[in-house]
Amino acid sequence: SPLEAFESVWMRKDPPLDMTYLHATWLLERAREKTLVVNDPRGLRELNEHLSVLAFPDLTPPTIVTRNTARLREFLLEQGGAIVVKPIEGHGGAGIFKVVDGDPNTSSIFEAATEHGRSWTMAQRYIPEVSEGDKRILLVDGVPVGAVMRVAGAAEARSTFNAGGKAERTEITDEERAIIRTIAPTLKRHGQYFVGIDVIGGRLTEINITSPTGIRHIEAVEGGNAAAPVIDWLESKVS
């Protein structure tokens with residue numbers, strides 16, 4: 001059936017946004033303004049999940065994007081001796097390193113992260129509150145519908161579920177609601193309806209738009225049907 005024969009089409013695939021993914025967004029262009037596409041293919045191309053937070057420097061930890069290993073070492077010292085380095089594309093905690101000044105592996109990590117200066121990488125100040133968890137908040141059309149805290153296991157710097165993070169119950173704070181209100185107009189302008197944001201210690205670290213996880217984990221810790229508000233919104237939108 002042609003795409004416009006459906007009331008809505010959902011695009012949901014794990015990052016990275018590779019050529020196959022890019023081709024899919026071009027195909028979905030044929031359905032734009034004929035059916036509801038979640039999320040909008042143009043926004044998927046324009047809003048990189050890691051780089052999009054650069055538009056909100058007041059909400060994020062200090063962040064740089066570079067492929068210069070010397071700059072990474074400078075940034076490490078500028079930020080008090082602890083940073084997180086992660087790839088521009090990726091998901092599930094793959095390729096994410098916590099780097100601490102004095103670690104003998106620092107040079108090797110920076111070289112691997114930048115592919116010896118050939119690839120861009122993102123570095124952010126390490127937020128100590130991550131020991132309490134990395135909060136995933138799910139948004140539908142800019143409105144929070146649920147949240148779950150991801151807590152890292154023993155001897156693990158990453159708290160993502162793919163890296164073994166444990167789901168714990170949490171609440172959405174007033175500070176986090178202020179973050180959501182700030183970024184919501186940008187998400188709406190780019191047609192990003194189903195979104196997962198990551199917040200650590202009250203700081204925005206990522207905006208996930210390709211395949212935000214969390215529904216099942218919210219259900220596990222909260223009970224009930226966490227998918228219901230998403231489907232209710234979708235039905236009201238298409239009607």
Side-chain angles (χ1 to χ4, degrees), residues 13-22 44-136 149-166 179 196-213:
K13 175 191 172 297
D14 285 339
L17 200 159
D18 54 17
M19 286 307 298
T20 301
Y21 193 102
L22 192 60
L44 290 173
R45 289 194 297 269
E46 294 174 9
L47 292 181
N48 175 274
E49 299 199 311
H50 291 165
L51 297 182
S52 57
V53 301
L54 296 175
F56 308 101
D58 293 341
L59 305 180
T60 68
T63 302
I64 63 168
V65 179
T66 185
R67 52 186 178 182
N68 185 311
T69 57
R71 179 68 188 104
L72 285 171
R73 192 171 286 279
E74 288 176 359
F75 186 70
L76 173 62
L77 298 178
E78 291 167 3
Q79 300 308 317
I83 61 173
V84 172
V85 175
K86 51 186 162 183
I88 300 302
E89 293 288 353
H91 76 287
I96 295 178
F97 295 94
K98 177 188 176 184
V99 185
V100 179
D101 186 36
D103 185 335
N105 294 306
T106 297
S107 294
S108 295
I109 292 172
F110 290 165
E111 289 166 5
T114 63
E115 295 185 293
H116 292 271
R118 293 189 297 272
S119 297
W120 298 96
T121 192
M122 172 179 276
Q124 292 180 324
R125 183 185 184 95
Y126 175 74
I127 306 172
E129 290 91 335
V130 73
S131 62
E132 301 166 12
D134 175 355
K135 189 177 297 188
R136 163 59 55 87
M149 188 71 87
R150 300 173 294 185
V151 181
E156 174 60 68
R158 302 166 301 172
S159 52
T160 57
F161 293 131
N162 282 13
K166 177 185 176 184
I179 291 173
I197 66 169
D198 295 339
V199 180
I200 303 173
R203 310 305 290 174
L204 175 69
T205 60
E206 289 184 22
I207 300 175
N208 297 267
I209 58 176
T210 55
S211 186
T213 191

ask   = Passes side-chain hydrogen bond (donor to acceptor under 3.5 Å, both in side chains), Ser107 versus Arg73? Steps please.
value = CA-CA 8 Å; Ser107 294; Arg73 192 171 286 279; 2.7 Å; yes

inquiry  = What I want to check is whether the side chains of Glu74 and Asn68 have a donor and an acceptor closer together than 3.5 Å.
reply    =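 Short answer, no.
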
query = Would Glu49 and Thr210 count as having a side-chain donor-acceptor pair, cut-off 3.5 Å?
reply =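 Yes.
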
task = Applying side chain to side chain contact (heavy atoms under 4.5 Å, CB included), run through Leu17 and Glu89 and close with a yes or a no.
result = CA-CA 7 Å; Leu17 200 159; Glu89 293 288 353; 3.9 Å; yes

Would you find a donor on one side and an acceptor on the other, under 3.5 Å apart, between the side chain of [X] and the backbone of [Y]?
{"X": "Arg203", "Y": "Thr60", "value": "yes"}
{"X": "Asp101", "Y": "Gly81", "value": "no"}
{"X": "Thr106", "Y": "Pro104", "value": "no"}
{"X": "His116", "Y": "Glu111", "value": "no"}

Do you know the tightest heavy-atom contact between [X] and [Y]?
{"X": "Ile83", "Y": "Leu72", "answer": "CD1-O, 4.2 Å"}
{"X": "Ile207", "Y": "Ser52", "answer": "CB-OG, 3.6 Å"}
{"X": "Tyr21", "Y": "Leu44", "answer": "OH-CD1, 3.5 Å"}
{"X": "Ile109", "Y": "Val99", "answer": "CG2-CG2, 3.8 Å"}
{"X": "Pro87", "Y": "Gly95", "answer": "CD-O, 3.3 Å"}
{"X": "Arg136", "Y": "Thr213", "answer": "NH1-O, 2.8 Å"}

query = Passes side chain to side chain contact (heavy atoms under 4.5 Å, CB included), Lys135 versus Asp198? Steps please.
reply = CA-CA 6 Å; Lys135 189 177 297 188; Asp198 295 339; over 6 Å; no

query = Taking only residues two or more places apart in sequence or in another chain, which ones pass salt bridge (Lys or Arg N to Asp or Glu O under 4.0 Å) with Glu46?
reply =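 If we apply the salt bridge (Lys or Arg N to Asp or Glu O under 4.0 Å) test to Glu46, skipping adjacent residues, there are no hits.
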
Val53/Gln124 under side chain to side chain contact (heavy atoms under 4.5 Å, CB included): CA gap, chis, key distance, verdict = CA-CA 11 Å; Val53 301; Gln124 292 180 324; 4.3 Å; yes

ask   = Looking at Tyr126, is Lys98 sitting on its ring face, NZ or CZ under 6.0 Å from the six-membered ring centre and within 45 degrees of the normal?
value =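 Positive - Lys98 is close enough to the ring of Tyr126 and near enough to its axis.
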
Leu22 and Arg45: CA distance, side-chain angles, deciding distance, side chain to side chain contact (heavy atoms under 4.5 Å, CB included) verdict = CA-CA 7 Å; Leu22 192 60; Arg45 289 194 297 269; 3.4 Å; yes

key: salt bridge (Lys or Arg N to Asp or Glu O under 4.0 Å) between Glu206 and Lys86, worked out   = CA-CA 11 Å; Glu206 289 184 22; Lys86 51 186 162 183; 3.3 Å; yes

